[in-house]
> 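This is the structure I want to talk about, given as structure tokens.
This is a predicted model, so every value here is computed, not measured.
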Amino acid sequence: MVHSNTEKYTQFIKAEAQRLGFFSCGISKAGFLEEEAPRLERWLHEKRHGQMTYMEDYFDKRLDPTLLVEGGKSVISLLLNYYPETLQQEGSYKISKYAYGKDYHYVIKKKLKKLLNSIKREIGDVYGRAFIDFAPVMEKAWAAKSGLGWVGKNNNLLTQQVGSFYFIAELIVDLELVYDSPTTDHCGTCTACLDACPTQAIIAPSVVDGSKCISYFTIELKEHIPQEMKGKLDDWMFGCDVCQDVCPWNRFSKPHREPHFEPHKDLLGYTKKDWEEITEDTFAAVFKSSAVNRAQYTGLRRNIDFLKK
């Protein structure tokens, strides 16, 4: 669809995204990600994805959204803040901040659906699809292309305004819009994330060996955690935030205003002992509709047992 009203439609989409709670919205022309192709190929060839074999699937679609959405012309990238107001208590086993509340896939999917419906109501017959991180879309590359931030040395999207504690999502639509330009890199000479990673998973600026990452060991890996990781997991029982916690830009993180991301009261107050004694019923109550369900009770139990030995 080509319209003379591209400016008007672009403004409408950005205003609507803000109304729905997204704190940032940027738009790029859909097409082949030329710079990403050799990087992704090398990363897979070097087996940096460990057992995450799904990363090998849909190679072409991953690099070209027009193969995912027929007639796709624009990639609308959106950021949703998840930085919590209160953190887990010191000295306890830790879970990544993104998993404190309700599973973000449900929350974001609902917002994306509302946004797409608003676009159709306002503009007419627009075809589009919503994507969150389980789809073969290179969301960080698109967000960076759309000027929402830059990909930092920890391979996270960073912004000067609020750091990096947010989810990235996309709408790919068959509508021509006004496109944003990439921003500049503001990591400078800082190497805080490379220096702080407990397992040295950041092997070069912006290159993370997924098979060495604490998030990989505590979430993706389905078998036993290798013994050589003993004492290196820094008390993380689900995910890891170290490379974000040490990033100077995250001094500017502001608490989210999304009720669904509020944590269960016990999550913040549990001690190591409480976690070590967690039962299946308690797990179900504390992590009802949480992203932690991905590890399941048995996975979290395995991680805790590994940490406490």
Side-chain angles (χ1 to χ4, degrees), residues 1-41 54-81 104-105 107-151 156-159 166-185:
M1 290 178 72
V2 184
H3 286 275
S4 53
N5 292 325
T6 51
E7 186 85 42
K8 184 181 141 196
Y9 294 154
T10 303
Q11 284 173 357
F12 169 78
I13 289 167
K14 290 189 174 184
E16 192 61 9
Q18 201 172 6
R19 189 187 70 78
L20 288 166
F22 292 105
F23 77 78
S24 219
C25 172
I27 305 171
S28 280
K29 185 178 174 60
F32 183 69
L33 288 168
E34 250 169 86
E35 284 178 34
E36 300 300 321
R39 277 186 225 153
L40 178 61
E41 201 164 11
Y54 58 84
M55 291 297 295
E56 298 163 27
D57 302 336
Y58 311 113
F59 184 81
D60 294 340
K61 286 182 177 177
R62 223 172 259 283
L63 293 160
D64 189 349
T66 63
L67 300 175
L68 282 169
V69 177
E70 204 179 330
K73 290 192 171 71
S74 303
V75 180
I76 302 166
S77 293
L78 302 137
L79 304 182
L80 185 66
N81 183 18
Y104 62 97
H105 294 99
V107 180
I108 297 174
K109 214 169 188 171
K110 219 170 178 177
K111 288 181 189 289
L112 290 175
K113 213 172 173 182
K114 282 181 181 172
L115 180 57
L116 190 54
N117 287 338
S118 296
I119 292 169
K120 286 177 178 176
R121 258 198 318 275
E122 178 74 11
I123 299 169
D125 181 26
V126 177
Y127 174 65
R129 284 180 68 192
F131 296 93
I132 319 170
D133 61 4
F134 54 71
V137 175
M138 302 195 73
E139 75 248 8
K140 282 178 285 197
W142 284 110
K145 218 174 162 60
S146 308
L148 297 186
W150 71 95
V151 177
N156 283 309
L157 187 81
L158 302 176
T159 73
Y166 41 71
F167 300 114
I168 308 173
E170 294 82 28
L171 270 187
I172 299 171
V173 293
D174 65 344
L175 183 67
E176 282 191 359
L177 296 162
V178 178
Y179 301 124
D180 295 295
S181 310
T183 179
T184 45
D185 184 307

> Is a side-chain N or O of Thr183 found less than 3.5 angstrom from the main chain of Trp150, in a donor-acceptor match?
no
> Grab the two heavy atoms, one from Ser28 and one from Tyr179, that are nearest each other, plus how far apart they are.
C-CD2, 3.3 Å
> About how many Å separate CD of Glu170 and CG of Asp133, when rounded to the nearest 0.5 Å?
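Answer for the CG-CD pair, Asp133 versus Glu170, is 9.0 Å.
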> Compare all side-chain heavy atoms of Leu78 with those of Leu112 and state whether any distance is below 4.5 angstrom.
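Heavy-atom side-chain distance check passes, below 4.5 Å.
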> With a cut-off of 3.5 Å and sequence neighbours excluded, list every side-chain donor-acceptor pair involving residues 11-18.
residue: Lys14; atom: NZ; partner: Asp180; partner atom: OD1; Å: 3.0
residue: Lys14; atom: NZ; partner: Asp180; partner atom: OD2; Å: 3.0
residue: Glu16; atom: OE1; partner: Arg19; partner atom: NE; Å: 3.2
residue: Glu16; atom: OE2; partner: Arg19; partner atom: NE; Å: 3.3
residue: Glu16; atom: OE2; partner: Arg19; partner atom: NH2; Å: 2.7
residue: Glu16; atom: OE2; partner: Ser118; partner atom: OG; Å: 2.8

> With sequence neighbours left out, write down each residue that passes side chain to side chain donor-acceptor pair (under 3.5 Å) with Lys140, or none if nothing qualifies.
none
> On a heavy-atom basis, which atom in Ala169 and which in Ile108 lie closest, and how many Å separate them?
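Distance-wise, the nearest heavy atoms are CB-CG2, 3.6 Å.
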> What is the minimum heavy-atom distance between Gly149 and Thr159, and which atoms define it?
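In this case the closest contact between Gly149 and Thr159 is CA-CG2, 4.3 Å.
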> Suppose we screen for ring pair (Phe, Tyr, Trp, His ring centres under 6.0 Å). Which residues come up paired with Phe23, at least two apart in sequence or across chains?
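Result, ring pair (Phe, Tyr, Trp, His ring centres under 6.0 Å) vs Phe23: Tyr166.
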> Rounded to the nearest 0.5 Å, how far apart are CG of Asp125 and CG of Leu175?
10.5 Å
> Ignoring hydrogens, what is the shortest heavy-atom contact between Ser146 and Val75? Give both atom names and the distance.
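Here Ser146 and Val75 meet closest at OG-O, 4.3 Å.
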> For Lys114, does the NZ atom have more than 12 heavy-atom neighbours from other residues, nucleotides or ligands under 6.0 Å away?
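Count not over threshold, so no.
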> Thr184: which residues meet the side chain to side chain donor-acceptor pair (under 3.5 Å) condition with it, sequence neighbours left out?
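Counting only residues at least two positions away or on another chain, Thr184 forms a side chain to side chain donor-acceptor pair (under 3.5 Å) with His186.
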> Got a second to check how far Leu171's CG is from Lys111's NZ, nearest 0.5 Å?
13.5 Å
> To the nearest 0.5 Å, how far apart are NZ in Lys145 and CE in Met138?
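Taking NZ in Lys145 and CE in Met138, the distance rounds to 12.0 Å.
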> Side-chain contact, heavy-atom cut-off 4.5 Å: Val178 with Glu7?
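Side chain of Val178 against side chain of Glu7, heavy atoms only: contact under 4.5 Å found.
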> What distance separates Leu177 CG from Lys29 NZ, expressed to the nearest 0.5 Å?
10.5 Å
> How many angstroms lie between atom CD of Glu122 and atom OH of Tyr9, to the nearest 0.5 angstrom?
7.5 Å
> Go through the steps for Trp142 and Leu33 under the test side chain to side chain contact (heavy atoms under 4.5 Å, CB included), then give the verdict.
CA-CA 9 Å; Trp142 284 110; Leu33 288 168; 3.5 Å; yes
> Where do Val69 and Phe131 land on the side chain to side chain contact (heavy atoms under 4.5 Å, CB included) test, with the steps shown first?
CA-CA 11 Å; Val69 177; Phe131 296 93; 3.9 Å; yes
> Test side chain to side chain contact (heavy atoms under 4.5 Å, CB included) on Phe167 and Ile132; report intermediate values, then the result.
CA-CA 9 Å; Phe167 300 114; Ile132 319 170; over 6 Å; no
> Return the minimal non-hydrogen interatomic distance between Asp174 and Glu70, and the atom names on each side.
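Residues Asp174 and Glu70, closest heavy atoms: CB-O, 4.5 Å.
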> Using the test side-chain contact (heavy atoms from CB on, under 4.5 Å), find all partners of Ala143 that sit at least two apart in sequence or belong to another chain.
Ser77, Leu148, Leu157, Ile168
